[in-house]
Amino acid sequence: MPITSEILDDTVHVRIEGELTIYTVAELAGELLPQMGAAPRLELDLSQVTEMDGAGLQLLAVIQREAGIAGTALSVTGQSQAVTQALQLCRGAAS
Amino acid sequence: MSINLDQAQQTFIVEARELLQAMEQSLLQLESEPGDQDAIGAIFRAAHTIKGSAGLFGLASIVGFTHIVEDVLDRLREGNVAVDAALIALLLKCGDHMLELVEVVANRGEAPTPAALERGEALREALSAYQPMRTATASVETAEVADDAAVEVLWHISLRFGVDVFRNGMDPLSFLRYLETLGQMMQVTTLTDSIPPMDSWDPESCYLGFEIDLRSTASHATLNEVFDFVRDDCEVHIVAVDEAPDSPAAMGSELVTQTEQAPMTPSPQRLPAASEAKTRDGNYVRVNADKLDELINLVGELVIASAGASLLTRSCNNDPLQEATSTVSGLVEEILDGALHLRMIPIGDTFNRFRRVVRDISQELGKDIELIISGAETELDKTVVEKIGDPLMHLLRNAMDHGIESADARRAAGKSAKGHLNLNAYHDSGSIVIEIADDGAGLNRERILEKAQERGLVASGAVLTDQEIYNLIFEAGFSTAEAVTNLSGRGVGMDVVKRNITLLRGTVDLDSRPGQGTVVRIRLPLTLAIINGFLVGIDQSTYVIPLDMVQECIELDKHQRQSSRDQGYLDLRGEVLPLVHLRDHFSHEGPAARRQNVVVVRYAEHKAGLVVDDLLGEFQTVIKPLGKLFGALRGISGSTILGSGAVALILDIPALLNQIVQLEARTTQAPPSPPVVAR
Amino acid sequence: MAKNVLVVDDSSSVRQVVGIALKSAGYDVIEACDGRDALGKLTGQKVHLIISDVNMPNMDGITFVKEVKKLANYKFTPIIMLTTESQESKKAEGQAAGAKAWVVKPFQPAQMLAAVSKLILP
């Protein structure tokens with residue numbers, strides 16, 4: 001399973017492992033998006049992401065947007081080198 | 001960055017030769033079955049691949065010519081051009097010309113000869129008849145914009161990616177990364193506002209957009225090219241910010257939404273040709289033939305060294321050492337077999353090449369001749385294969401020219417109008433036999449005999465078997481006699497054929513039946529490198545006789561010595577066995593040894609006894625060819641080095657036997673035959 | 001970790017040239033001599049990009065692309081098709097199958113390298 005999530009107090013902790021790419025976004029979106037609004041806070045751990053592409057970037061953008069709509073406070077607690085590089089390339093658009 | 005493609009170009013040359021060979025086979029196949037779609041596909045693919053690869057190496061002459069050929073083949077494939085004899089003939093010539101161009105490259109870039117260029121021009125002309133009415137030169141647009149001014153410009157690039165970009169395997173981030181390599185990304189803004197609401201959003205669809213400021217020396221065209229692969233469904237908008245809006249660089253600022261409407265004519269789906277199951281590259285390693293020769297040479301030395309070690313071992317009484325040496329010898333022998341096997345190739349490729357020859361010559365002669373090939377899988381040494389092509393070609397040509405009659409003559413003789421030519425190969429006791437058989441008129445026995453007597457090749461009144469008479473046409477003095485050509489049913493140059501085959505340590509003979517045809521049989525050794533030898537001694541010298549020609553050995557007793565010396569014959573269990581006294585033959589001085597032995601040798605139908613002093617046993621022998629200086633030496637085919645370091649000469653048994661046969665032919669009447677003397 | 005590029009062409013000289021160019025830039029190259037051979041090599045190992053000829057024996061490039069698009073682990077792999085200007089109808093068919101990147105033969109090694117770099121960097 002490339003994604004683990006647990007709810008502690010008022011926070012949903014989500015950790016993505018492996019690829020954050022076109023090969024995984026459909027599955028990740030299916031897991032993640034329903035959790036929006038389940039708790040006041042969402043913490044996203046991206047430190048175990050090995051690869052990220054445009055589809056992954058778009059997924060992060062959607063999560064950010066949906067969090068705003070649902071009134072969930074989103075924070076990224078960790079990001080791997082692959083994530084950092086991708087975000088830098090687009091000048092941190094999604095975070 | 002310079003990339004060295006020399007080695008790849010060698011691969012190309014080898015590959016192109018193979019492809020042209022395959023193209024020729026398929027063309028011939030197409031000629032016999034004009035509807036064969038697989039053949040058409042294979043022909044097209046050959047030309048197509050050659051053109052594509054030649055372009056990689058900038059070989060413009062090959063690309064240019066092949067392009068036109070390919071164009072016609074494409075029309076053939078689409079059914080716009082029909083298969084007919086003229087087209088096949090033209091395409092065969094085109095293949096020849098392509099090979100010619102490839103060989104020019106192989107020979108290190110000499111320009112094609114004027115004659116070759118002329119041929120190419122004529123072929124282009126002929127091909128144009130099969131092309132649609134249009135300017136023959138393909139309009140290859142080179143939309144290259146010169147990057148002359150390397151001035152750094154601030155570009156603004158606006159990107160809107162299409163929904164299918166991810167699905168097509170494209171990653172927008174990759175294009176951004178690539179842009180980074182072209183200049184400095186001053187600013188990037190990622191646009192996510194066109195991502196639809198969650199309920200209608202598909203994570204695998206792309207809704208991303210970017211606004212980028214890039215400082216770069218790259219031209220507008222270069223930047224535009226970056227997005228070539230996504231142009232279909234993306235909006236790309238590139239503007240130079242620094243420059244005045246009417247400058248040429250800003251001209252490309254219109255929306256480049258490509259509306260490339262490729263003609264969607266569904267081409268008939270071709271099933272993958274199952275007949276081409278040969279995956280040539282999968283299971284083979286290409287090895288330079290020189291390296292292989294070097295290896296075989298080394299293995300040869302190893303054989304000699306190992307034999308030397310065995311000899312030494314035998315002289316010291318050490319059982320474990322002897323055992324070890326014999327293990328080594330066994331292994332060396334296996335390595336030798338394996339190494340020689342590496343160089344064995346089927347003769348089929350050579351045979352198949354003749355399909356074209358037979359086709360061309362039979363058309364030229366106005367005869368209908370079918371070539372039937374069998375035994376194509378028979379293997380023999382590559383070095384032999386390379387050298388047998390010319391003699392075979394000559395024999396085939398002669399069979400077609402003079403052997404097979406015209407259709408009218410054939411019908412008159414009650415035979416089918418179509419002539420048949422059989423090319424067959426098989427292994428026979430350490431040799432390969434190649435047969436060229438025709439069903440023509442056969443040789444004119446009487447006429448040959450008459451001519452031979454006229455020319456003093458045969459003593460008048462000599463009694464010869466039919467076969468002996470037929471084989472006279474291989475004699476130098478005979479076959480050059482032009483007047484005989486048509487009557488004999490064989491052309492000039494048969495002596496040359498024989499000489500070439502003899503140089504390969506092979507023999508050729510011929511059999512013919514009046515009205516039924518002629519068979520020429522060539523017998524060749526499987527390899528030129530190594531033979532199993534039988535050592536014999538005369539005085540202090542050692543000679544090697546190829547073991548597979550040795551039948552038996554007999555000791556000569558005193559009585560026999562005298563009588564055989566007088567007659568030149570030995571009574572071998574009631575059979576007359578001609579003797580060759582090697583001592584005399586090779587002019588060894590001094591008296592004969594006290595003991596003498598006879599080695600009975602046989603080659604093809606001939607048998608003789610070689611009189612020697614000592615029998616020294618078997619020895620595996622690596623043949624070292626004699627230098628040119630000794631080329632004319634009769635009776636010796638090479639030399640070898642013995643384990644002791646001494647040199648031994650290898651006897652050319654076929655040549656020795658031949659001398660006897662000739663002498664017999666000339667002196668049948670003259671009693672008693674004098675001993676064969678070295679010439 | 002170097003990126004794997006699968007080069008599919010029945011011409012060994014084309015494979016060799018593409019291989020030399022890509023290796024010089026730091027890519028790893030896997031070779032296959034036709035579509036069928038290539039499908040056999042699309043198992044297990046990650047392939048980041050495919051370069052394929054169109055006209056090949058056993059399985060042509062278009063059929064190969066269609067097969068790749070059926071493989072869950074490879075269906076989004078970028079594909080560069082090698083073509084000649086005389087293959088417009090093939091190109092349309094290939095584009096419909098999802099192969100959008102086309103490089104026209106003949107190409108210079110540097111051109112091939114540029115095309116690959118646009119889709120993935122080593």
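Chain naming here is simple, since letters A, B, ... match the order of the sequence lines and numbering starts at 1 in each. All values below were derived from every heavy atom in this structure, side-chain atoms included, with hydrogens, water molecules and symmetry-related copies excluded.
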Side chains of [X] and [Y]: closer than 4.5 Å at any heavy-atom pair?
X	Y	value
C:Leu119	B:Phe175	yes
C:Val17	B:Phe57	yes
C:Ile79	B:Phe229	no

With a 4.5 angstrom heavy-atom cut-off, could you sort out which part of [X] is near chain B: side chain, backbone, both or neither?
X	value
C:Ala32	neither
C:Lys69	side chain
C:Val18	neither
C:Ala114	both
C:Ser117	both

Looking at every heavy atom in both [X] and [Y], which two are closest together, and how far apart are they?
X	Y	value
B:Arg77	C:Asn55	NH1-ND2, 3.2 Å
B:Thr181	C:Leu121	CG2-CD1, 4.4 Å
B:Phe166	C:Phe76	O-CD2, 3.8 Å

Inset, instruction - Kindly compute the distance separating CZ (B:Arg45) from OG (C:Ser11), expressed to the nearest 0.5 Å. - result: 12.5 Å
Inset, instruction - Please state whether the side chain, the backbone, both or neither of B:Glu204 comes within less than 4.5 Å of a heavy atom of chain C. - result: side chain
Legend entry - Region of B:Asn168 in contact with chain C, defined by heavy-atom distances below 4.5 Å: both
Legend entry - Main-chain N/O of B:Arg231 paired to C:Lys100 side chain as donor or acceptor, under 3.5 Å: no
Inset, instruction - With a 4.5 Å cut-off on heavy-atom pairs, point out which of C:Ala101, C:Gly98, C:Ser13, C:Pro78 contacts chain B the most. - result: C:Ser13
Legend entry - Top contributor to chain B contacts, counting heavy-atom pairs under 4.5 Å, from C:Lys118, C:Gln16, C:Met112, C:Gln108: C:Lys118
